[in-house]
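Below, chains carry the letters A, B, ... as their sequence lines are ordered, and counting in each starts from 1.
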Amino acid sequence: MDLEDFDLYSYFYDLVKQIPDGYVTTYGDLAEALGDPIAARAVGYMLSINEDPDGIPCYRVVLHDGTVGNYTHPLGPQEKVRRLKADGIPVVSGKIEDFEHHRFRDFRTDYPLKKMQEYQRKIAEEYTESGPEKFELIEAFDVSYTDRMGFASSVVLHGEEMESYVISDKIRFPYIPGYLGFREFKFIRRLYRNADLLLIDGNGILHPRYAGLATHAGVILNTSAIGVAKHLTRSVKHDEYLYIGDRLTGMIIKKNIIVSPGNRFSVRSAVMTVQALWGDKYPWPLKLVHQLSTMHLDTRGRILELDAQSISAR
DNA sequence: GCGACAG
DNA sequence: ATCTTGTCGC
């Protein structure tokens, strides 16, 4: 199992196909079969964008209490009820009768998200706090999305010189809290131009397993990295300092701007470096690369050439 | 209604 | 992140 290039969509749809005729399962049961109950919302999302509703029986996935729940179909939830009844499942006023008797949870699975957690713990062990303080080549990354496509960009800075890169690819991993690295690192790996500092939209060691996207990228690419996030994730806040367990992992430097070390930085040195790259209201290389990604998405990857002025003019 | 929830 | 109308504040 190649965790760095894992197709969770295919794996998930194969799980859904395992639900036998005459049985149902829940969003949480499928998340459990993937390896982490936190994926329950991603389960709902993946079902909602199912491209093969006749081959992949989404209608067999219901709420925890036996309520039928939503169905993304032109005919709506009533079509879900119709299909369940056609399978011989009794549904009375939107709820499955004798729910536990019809509930399937005996999935054949390798629990891929559990393996990814282990992988993240190994990455976290490779994180180091000390590193260089001067950088020749800085690269900032960002990705914009449609349902199944990602449009990724990077901006590379060396002295006064700047270059930008764009790539796009089909998405094979949904957004799942705590697993962003498995969604976005493949883009960073392809865009990486041997920079000695990576600036990444997301968290570093401010992560339940101390291995957010910026740490994932910094450790695998063996370079310095910093994460800058716009929203706070689960952590304990003391003044502006953010702790996971007893460990200092990040800092709120402005409203909705959270800095955490990815690799080869401490919290203090990461904050100082971000401040050295401060623009108007945000580190300017990240603002620029975000605009580039958005434009890349808007044109569906048909950008051929861009310079900094045409981007900033937006 | 509440809690979590990086992108 | 994306989907999106109107609304609030500078």
Side-chain angles (χ1 to χ4, degrees), chain A residues 8-9 27-28 31 36-46 48-49 63-65 70 72 113 116-117 120 123-124 127 140-154 168-188 191 198-218 225-237 242-244 249-263 267 270 274 280-283 286-287 289-300:
Chain A
L8 197 82
Y9 280 105
Y27 297 88
D36 191 337
I38 206 169
R41 292 203 311 180
V43 164
Y45 179 70
M46 291 189 284
S48 77
I49 63 167
L63 303 192
H64 185 77
D65 63 356
N70 206 3
T72 309
L113 295 181
M116 289 173 183
Q117 289 192 13
Q120 287 177 327
I123 286 173
Y127 158 82
F141 302 87
D142 194 33
V143 190
S144 293
Y145 293 98
T146 64
D147 274 357
R148 292 299 303 269
M149 288 292 289
F151 296 88
S153 329
S154 81
S168 57
D169 204 355
K170 194 164 189 203
I171 298 296
R172 304 201 295 167
F173 202 97
Y175 172 68
I176 304 173
Y179 299 85
L180 184 60
F182 297 99
R183 178 167 165 88
E184 290 200 356
F185 175 61
K186 61 192 71 163
F187 290 109
I188 293 177
L191 290 165
L198 314 180
L199 296 178
I200 291 173
D201 204 339
N203 289 322
I205 60 172
L206 174 49
H207 181 274
R209 294 168 291 279
Y210 309 105
L213 174 61
T215 301
H216 193 134
I226 298 175
V228 180
K230 299 175 204 71
H231 299 286
L232 198 49
T233 184
R234 177 173 45 207
S235 58
V236 175
K237 182 170 166 292
L242 301 169
Y243 294 80
I244 304 277
T249 54
M251 187 175 180
I252 306 175
I253 62 169
K254 300 270 182 188
K255 181 176 168 59
N256 290 325
I257 301 181
I258 297 106
V259 172
S260 66
N263 192 26
V267 170
V274 167
D280 182 10
K281 294 155 59 175
Y282 205 66
L286 279 170
K287 183 177 172 70
V289 77
H290 180 73
Q291 291 171 319
L292 178 56
S293 279
T294 306
M295 179 182 274
H296 188 202
L297 170 67
D298 288 348
T299 59
R300 292 297 189 276

Exercise. May I ask you to say what A:Leu206 touches in the nucleic acid, namely base, sugar-phosphate or nothing, with a heavy-atom cut-off under 4.0 Å?
Key: nothing
Quiz prompt | Ranges pairing with ranges for DNA chain B, where each run has three or more Watson-Crick or G-U pairs under 3.5 Å | solution = none
Exercise. Measure up the A:Phe185 and A:His216 rings against each other and bin them: parallel (under 30°), tilted (30 to 60°), perpendicular (over 60°).
Key: tilted
Quiz prompt | Face-on cation placement of A:Arg172 at A:Phe187 ring, 6.0 Å and 45° thresholds | solution = no
Exercise. Give the intermediate values and the outcome of side chain to side chain donor-acceptor pair (under 3.5 Å) for residues A:Tyr179 and A:Glu184.
Key: CA-CA 9 Å; A:Tyr179 299 85; A:Glu184 290 200 356; over 6 Å; no
Quiz item: So with a 6.0 Å cut-off around NZ of A:Lys254, is the heavy-atom count from everything else above 12?
Solution: no
Quiz prompt | Separation of atom CD1 in A:Ile176 from atom C1' in B:dC5, rounded to whole Å | solution = 13 Å
Quiz prompt | Evaluation steps, side chain to side chain contact (heavy atoms under 4.5 Å, CB included), between A:Val228 and A:Asp201 | solution = CA-CA 5 Å; A:Val228 180; A:Asp201 204 339; over 6 Å; no
Quiz prompt | A:His231 side-chain N/O to B:dG7 phosphate OP1/OP2 under 4.0 Å | solution = yes
Quiz item: What is the nucleic acid contact for A:Leu213, judged by heavy atoms within less than 4.0 Å: base, sugar-phosphate only, or nothing?
Solution: base
Quiz item: Does any N or O in the side chain of A:Ser235 come within less than 3.5 Å of the main-chain N or O of A:Ile244, such that one atom is a donor and the other an acceptor?
Solution: no
Quiz item: Is the side chain of A:Ser293 donor-acceptor paired with the backbone N or O of A:Asp142 at a distance under 3.5 Å, no angle test?
Solution: yes
Quiz item: From A:Lys281 NZ over to A:Lys255 NZ, what is the distance, rounded to the nearest 0.5 angstrom?
Solution: 12.0 Å
Self-check item: Distance, rounded to the nearest Å, where A:Asn203 contributes CG and B:dC5 contributes C1'
Solution: 12 Å
Quiz item: For the side chain of A:Ser260 and the backbone of A:Gly250, is there at least one donor-acceptor N/O pair under 3.5 Å apart?
Solution: no
Quiz item: To the nearest angstrom, how far is A:Tyr179 atom OH from B:dA4 atom P?
Solution: 17 Å
Quiz item: How long is the line joining CD1 of A:Ile253 and C1' of B:dA6, in whole Å?
Solution: 16 Å
Self-check item: Spacing between A:Phe185 atom CZ and B:dG7 atom P, to the nearest angstrom
Solution: 19 Å
Self-check item: Nucleotide B:dA6, atom P - distance to CG of A:Asn256 in whole Å
Solution: 12 Å
Quiz item: Under 4.0 Å: is that the gap between some side-chain N or O of A:Arg234 and OP1 or OP2 of B:dC5?
Solution: yes
Practice problem: Mind calculating the distance between CD1 (A:Ile257) and P (B:dA6) to the nearest angstrom? | Solution: 17 Å
Quiz prompt | Watson-Crick or G-U stems involving DNA chain C, each at least 3 pairs long, distances under 3.5 Å, ordered by first number | solution = none
Quiz item: Does anyone know the first and last nucleotide of DNA chain C in reach of chain A, 5' to 3', at under 4.0 angstrom to a heavy atom?
Solution: C:dA1 to C:dT2
Exercise. Under 4.0 Å between any heavy atoms, over every strand shown, what does A:Ser260 touch: base, sugar-phosphate, or nothing? Just pick one.
Key: nothing
Practice problem: Work out which heavy atom in A:Gly204 is nearest to a heavy atom in A:Ala214; give both atom names and the distance. | Solution: CA-CB, 3.8 Å
Quiz prompt | Stacked cation flag A:Arg41 on A:Tyr175, 6.0 angstrom / 45 deg | solution = no
Quiz item: Has A:Tyr175 got a side-chain N or O lying under 4.0 Å from the OP1 or OP2 atom of B:dA6?
Solution: yes
Exercise. For A:Gly227, answer base if it contacts any base atom (sugar-phosphate contacts may also be present), sugar-phosphate if it contacts only those atoms, and nothing otherwise; contact means non-hydrogen atoms under 4.0 Å.
Key: nothing
Quiz prompt | Electrostatic pair A:Lys287:A:Asp280 at N-O distance under 4.0 angstrom | solution = no
Quiz item: What interatomic distance, in whole Å, is found between C1' of C:dT2 and the corresponding atom of B:dC5?
Solution: 16 Å
Quiz item: What is the distance from CG of A:Asp142 to P of B:dA6, rounded to the nearest Å?
Solution: 16 Å
